[in-house]
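Heads up, the thing below is written out as structure tokens.
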Amino acid sequence: MRIGRRRWLLCAAALAAGALAQGGERVIRVTARKFVFTPAEIALEKGVPVTIELATEDVFMGFNAPDLGVRADIVPGKTNRVRFTPAKAGTFPFLCDVFCGDGHETMSGKIVVT
């Protein structure tokens, strides 16, 4: 019985540590495809940390939200994680800043911080 209880306590401690490490931080997955971001609108809260996971299966692309100071490369087959905390409220555009073909100029979205 002791071994079972010990395993249970170890599992509970590991789960609790994982929950504390995440700290309630939001993780938003953004997929880039020629010539669109999904989702195209991201809703965030001022002062709340967020991690944006960027992925694509197409070609090399970029993610740039200049008004928020957020910039990352998006490499096919890899996930790039960008962590930041919005410091101001408003609506901020983001765009692909790496030429990815005809239609590139329309590849954009917005981040709404309340």
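Worth saying up front: this structure is predicted, and the values here are computed from it rather than measured.
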Residues passing the ring-ring contact (aromatic ring centres under 6.0 Å, His included) test with Phe99, sequence neighbours excluded, are His104

The side chain to side chain donor-acceptor pair (under 3.5 Å) partners of Arg81 (sequence neighbours excluded) come to Glu53

So CG of Asn80 and OG1 of Thr56: to nearest 0.5 Å the spacing works out to 12.0 Å

Distance col, row Cys96:SG vs Ile74:CD1, nearest 0.5 angstrom, shows 6.5 Å

CG of Leu68 to OG1 of Thr85, rounded to nearest 0.5 Å, is 11.0 Å

Return all side-chain donor-acceptor pairs below 3.5 angstrom for residues 105-114, not counting sequence neighbours, or 'none' if the list is empty.
unit_1, atom_1, unit_2, atom_2, d
Thr106, OG1, Gly103, O, 2.8

Members sharing Val98's hydrophobic cluster, built from side-chain contacts under 4.5 Å between Ile, Leu, Val, Met, Phe, Trp and Tyr, are Phe60, Val75

For residues 57-66, the salt bridge (charged side-chain N to carboxylate O under 4.0 Å, His left out) pairs (sequence neighbours left out) are none

The complete set of salt bridge (charged side-chain N to carboxylate O under 4.0 Å, His left out) pairs with one or both residues in residues 85-99, sequence neighbours excluded, reads Arg71-Asp97

The side chain to side chain donor-acceptor pair (under 3.5 Å) partners of Thr91 (sequence neighbours excluded) come to none

Applied to residues 71-90, the ring pair (Phe, Tyr, Trp, His ring centres under 6.0 Å) test, sequence neighbours excluded, yields none

Taken to the nearest 0.5 Å, the spacing of Met61 CE from Cys100 SG works out to 5.0 Å

Only pairs under 3.5 Å count here: list side-chain donor-acceptor contacts from residues 31-50, not counting sequence neighbours, and write none if there are none.
none

Exercise for review: Kindly determine whether Phe94 and Val70 satisfy side chain to side chain contact (heavy atoms under 4.5 Å, CB included), including the steps that lead there.
Suggested key: CA-CA 9 Å; Phe94 64 86; Val70 177; over 6 Å; no

message = Using modelled atom types and a 3.5 Å cut-off, is there a donor and acceptor pairing between side-chain atoms of Asp67 and backbone atoms of Phe92?
response = no

